[in-house]
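Beneath this line is the structure, given in structure tokens, with notes to follow.
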Amino acid sequence: MTDVASPTTTRKDWASDQEVRWCPGCGDYSILTAVQLLMPELGARREDTVFISGIGCSSRFPYYMNTYGVHSIHGRAPALATGLATARPDLHVWVITGDGDALSIGGNHLLHALRRNVNITIVLFNNQIYGLTKGQYSPTSETGKVTKSTPFGSLDFPYNPVSLALGAEASFVARTHDMDRKHMTETLRRAYEHRGAALVEIYQNCNVFNDGAFEAITSKDNRPSMLIPLEQAKPVRFGPDGAKGVVMDRNGSAAIVDVADVGEEALLVHDEGRPDPSTAFALSRLASGPHTPTPIGVFRSVERADYGSQVQDQLVAAAARKGPGDLAALLKSGTTWTVGA
Amino acid sequence: MIRFAGDSGDGMQLAGDRFTASSAIFGNDLSTLPDYPAEIRAPAGTVAGVSAFQIHISDHDIFTPGDHPNVLVAMNPAALKAHLPDLEAGAAILLNSDAFDDRALQKAGYASDPRADDSLKPFKVYEVPMTSLTMEAVKPSGTKARDAERSKNFFALGLVSWMYSRPVEPTLEWVAKRFAGNEMVQEANTLAFKAGWNFGETAEIFESAYQVKPASLPRGTYTNISGNTALAWGLVAAGQLAKLSVFLGTYPITPASDILHELSKHKNFGVRTFQAEDEIAGVSAALGASYGGALGVTTTSGPGLDLKTETIGLAISLELPLVVIDVQRGGPSTGLPTKTEQADLLQAVFGRHGEAPLPVLAPSTPGDCFYIAIEAARIALKYRTPVIVLSDGYLANGAEPWPIPDTASLPDLSAEFGFATEPNKTLPDGRQVFWPYLRDPETLARPWATPGTPGLMHRLGGLEKADGAGSVSYDPGNHELMVRLRAQKVAGIAKDVAPVSVDDPDGLGGADLLVLAWGSTYGAVQAGVKAVRSAGGRVAHAHLRHLNPFPANLGEVVRSYRRVLVPEVNLGQLRKLVRAEFLVDAQGLNKVNGLPFRRIDIQLAILAELEALAGQQNGSTARKEDK
């Protein structure tokens, strides 16, 4: 009999023998630690776990996990992962990517993986900069950013990854940041438990090329007034003593108000399972950059059949309808004739 | 051979006549067979009232049987019913779908719509709403609806002219002259003709009849098979023979899409087909599936192969099986999507950054596509490498009678490879570990451990790997070693493929001239060689299916002949490889007009080479006599 009980593992079991080579002080370390600590808690199996990445600093991640892994090519991790998760619905496939990898060179694959609801857990390390190529602006960098490639300021309008994912029909979208292990771990746990495509944006500090990009909202002192925690079935409130809240205005936009002015009953009650993504989208538009109060947590989590399972169902249905494949019969399925006796 | 058939009022004779005229201008030999209805005033829409015109264009038809059209243009159900019995399986039917209403079907004596049952299954059916498209097209001429409909013969003519690359001008000039007194009709017919032509171009309607029919077929059970169907069936077979599920990751592209269409029907074989968001995603998903233990396949044509290049390089680095099928078409860029070419050979062999060798195969006939798919899978699985298969538009859409093989005679691919199940290395401290790049000493293939296998967790990637252990390595010596090992692995496949066979009645080196060819030129070269031989010429033919690495005996073969002629539908790509590899002064016969070689092209080139050789011989004899 096969032992199907969850294995007992420790963080050490999940760490590979490779030396971690990110810059000292990089936000990636805290994400790696969070994942390595989370895996034993989840009762996950190392052999059934695959990390697939593209190119960039974050994409070194698979080398540090004692699981199966592929460090692939720039932008294509969601495409490789789609093939793997579709051919092998039994595996848990993670995609590790960054703002350049996922949103610039690989933007197309990200959209389609989300739309198809491929069973993958996508962790998007957003540091708003190209780190590996040493400091060019990224698709999430703020307009006007002065970098090596934009000495007079970037002209590009940035993406909001959460808005983008919601627009791409993602069934699970969340945001967290690298300064709060507990929140990050809980968010990753929720993403792991979601069957289908899950996208977690992590605000991650690049202390070499974009230090302090998120400090205005993620530093310990600023968090209470600048982070808006989204909690299921609870009114959306934040600020010291919960003095601030979020309401939906008459135009369908989300707006920040003083709770004292509107009363608690007027606040938006967060429902991540709402089939219509409009409210989640409105929440994602509350902040246009990490300088004003910014929602974190699970924006959207809805159930939708995942791609690989549906492909599998079609195979099973075809075999039931036509019988298992018979090669000799296939070769004779057209018009045939015989030459000679 | 094309047959236009419709109601006697449909202008079929006119369409056929104009097509004949433009073909004659095009320089084709042709014979025509008008077929008027016996009853000139037979009731419209009935079988008795069908009028037809048949054209036999004999440019590249080598052994074409006399009476069977390759294409039937049927303007109504009666025309279809009258001419269907003359069609051979695999022929193309262009239907005017607007004319297939209940009343017309009834008049033609059809109890049910033939498009809905199996009666048209053996044919390639293109349903084109010719009446409504014509009426829409001629609107600007101001023609009344009733008259507008009468221009549909010109629509059909335009469509067929596109399919057979007939020049447009002669027909348009004729229309201008013929209807000089009636501008409205002149304009309507011109518009309808152009609309038909443009429909063919936009819908990428593709017709290429592969014509190699030996006088007598050997015994066996036959079916008509096109190159694309044969590739699809070959992939299904490869999955069965390897006991692996097939995963096709692809993106629609002319002329490769039919492989996707065919494979997507066979889910009961466990075949997964994935129509990706782009070419890159198609090949990347296939590689991801291979990593998971499937037989990953991608199909494409030139522009798609360009896009897949980086992922193919990754597959070379990861050393995972992957079958890449390139159905070549005219290039560069979008080029000629519906025309054939063999100009992707050097791209397949060399077209990646870095030292990135991979095996390249090419089928020689539509039926051979079945076996080449199995051979590609065998090499990919055994050596853990991407393999490129170079088919082309001519093979893809051409069909030939194919002797159906006994499935028991097909190779057992599952015996050619295995998955890793155990650690393969003992470290000095006694620990048992898995080294993903510890190679098989014989094949140099690395072990293939798939996710889900306990204890063998490992990380792969595009960064250079340490020999054996497979961790990231920037060591200069290691990189040189790995580059050489990957090259040796691919080069070593030469020992594992069939030697190239030489068709030379006088034995190897007996003839004066060797024709060395590859891919879809097979039929024309065989016919050309036979024609020369029947006139007493001594010429040998060798046809390559393995283009990288070359079969181990190829050097000996090319050095056994005084002269080597390499015909290709490109500017001399195989010739360049043969010269570089063997220092043999091979001569080229090259064309790139989007059309396959004709028997006569090959025949004349052989005769010219033989003449040149004879001249050399006489010259040297003369010099001797001088002494």
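Atom set for the values below is all heavy atoms of this structure, side chains included, hydrogens, waters and symmetry mates excluded. Keep in mind that this is a model prediction, so the values were computed, not measured. In what follows, chains carry the letters A, B, and so on, assigned in the order in which the sequence lines appear, proteins first and then strands, with residues in each chain numbered from 1.
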Exercise for the section: Tell me, yes or no, whether the heavy-atom count around A:Glu193 atom CD, taken from other residues, nucleotides or ligands under 6.0 Å, exceeds 12. Expected result: yes
Handout entry: When B:Pro403, B:Gly293, B:Gly292 are compared by non-hydrogen pairs under 4.5 Å with chain A, the top option
Key = B:Gly292
Practice task
Flag the pair A:Gln314 / B:Thr273 as yes when at least one side-chain heavy-atom distance between them is below 4.5 Å, and no otherwise.
Solution key: no
Practice task
Specify which of B:Ala294, B:Pro454, B:Gly462 makes the most heavy-atom pairs with chain A at under 4.5 Å.
Solution key: B:Pro454
Practice task
Can you sort out the partners of A:Arg116 under salt bridge (Lys or Arg N to Asp or Glu O under 4.0 Å), two or more places apart, ordered by chain and number?
Solution key: B:Glu277
Problem - Residues in residues 49-56 of chain A near chain B [non-hydrogen atoms, under 4.5 Å] - result: A:Val50
Problem - Side chain / backbone / both / neither for A:Arg88 at chain B, heavy atoms under 4.5 Å - result: side chain
Practice task
Determine whether more than 12 heavy atoms belonging to other residues, nucleotides or ligands lie under 6.0 Å from atom OH of A:Tyr29.
Solution key: yes
Problem - Structural part of A:Asp90 lying under 4.5 Å from a heavy atom of chain B - result: neither
Completion exercise
So, the part of B:Thr223 with a heavy atom under 4.5 Å from chain A: the answer is both
Handout entry: Close side-chain approach of A:His109 to B:Asp278, heavy-atom, < 4.5 Å
Key = yes
Completion exercise
Nearest heavy-atom contact between A:Thr67 and B:Arg459 is O-NH1, 2.7 Å
Problem - Rounded distance (nearest 0.5 Å) linking atom CG of A:Leu331 with atom OG1 of B:Thr221 - result: 11.5 Å
Problem - Residue, of A:Pro62, A:Ser59, A:Gly334, that accumulates the most heavy atom pairs under 4.5 Å with chain B - result: A:Pro62
Practice task
Among the options B:Pro451, B:Ala408, B:Ala276, pick out the one with the most heavy-atom pairs lying under 4.5 Å from chain A.
Solution key: B:Pro451
Completion exercise
Among A:Leu91, A:Leu111, A:Val316, A:Val70, the residue with the most heavy-atom pairs under 4.5 Å to chain B is A:Val70
Exercise for the section: Find the one option among B:Ser317, B:Gly288, B:Ala286, B:Ala230 whose heavy-atom pairs under 4.5 Å with chain A are most numerous. Expected result: B:Gly288
Problem - Heavy-atom contact with chain A under 4.5 Å, split by part of B:Pro405 - result: both
Problem - Among the listed options B:Ser471, B:Gly220, B:Gly461, the residue most often paired with chain A at heavy-atom distances under 4.5 Å - result: B:Gly220
Exercise for the section: Go through the atoms of A:Ala81 and report whether side chain, backbone, both or neither lie under 4.5 Å from a heavy atom of chain B. Expected result: neither
Handout entry: Side-chain heavy-atom pair B:Thr311, A:Ile73 within 4.5 angstrom cut-off
Key = yes
Handout entry: B:Tyr291 and A:Tyr68 aromatic ring geometry - parallel, tilted or perpendicular at 30°/60° bounds
Key = perpendicular
Problem - chain A contacts, top residue of B:Thr229, B:Leu318, B:Val472 (heavy-atom pairs, under 4.5 Å) - result: B:Val472
Handout entry: From CD1 (B:Ile280) to CG (A:Asn108), nearest 0.5 Å
Key = 8.5 Å
Problem - Leading residue by heavy atom contact count with chain B [cutoff under 4.5 Å; candidates A:Asp48, A:Thr82, A:Thr335, A:Val311] - result: A:Thr335
Exercise for the section: With chain B as the partner chain, list the residues of residues 30-42 of chain A whose heavy atoms fall under 4.5 Å from it, by residue number, and write 'none' if nothing qualifies. Expected result: none
Exercise for the section: Would you mind checking which part of B:Val271 comes under 4.5 Å of any heavy atom in chain A, side chain (CB onward), backbone (N, CA, C, O), both or neither? Expected result: backbone
Exercise for the section: Could you grab the distance from atom CG of A:Leu80 to atom OG of B:Ser290, nearest 0.5 Å is fine? Expected result: 10.0 Å
Handout entry: Point-to-point distance, once rounded to the nearest 0.5 Å, from CD of A:Glu47 to OG1 of B:Thr450
Key = 11.0 Å
Which side-chain N or O atoms in residues 235-251 of chain B pair as donor and acceptor under 3.5 Å with protein atoms at least two apart or in another chain?
{"unit_1": "B:Thr250", "atom_1": "OG1", "unit_2": "B:Thr299", "atom_2": "O", "d": "2.8"}
{"unit_1": "B:Thr250", "atom_1": "OG1", "unit_2": "B:Thr299", "atom_2": "OG1", "d": "2.8"}

Exercise for the section: Starting at CD of B:Glu262, measure out to CG of A:Leu330 and round the result to the nearest 0.5 Å. Expected result: 7.0 Å
Fill in the blank from the handout: The reported gap from OH in B:Tyr222 to OG1 in A:Thr338 (rounded to nearest 0.5 angstrom) is 10.0 Å
Fill in the blank from the handout: Heavy-atom nearest pair, B:Ala281 first then A:Ala79, reads CA-CB, 3.8 Å
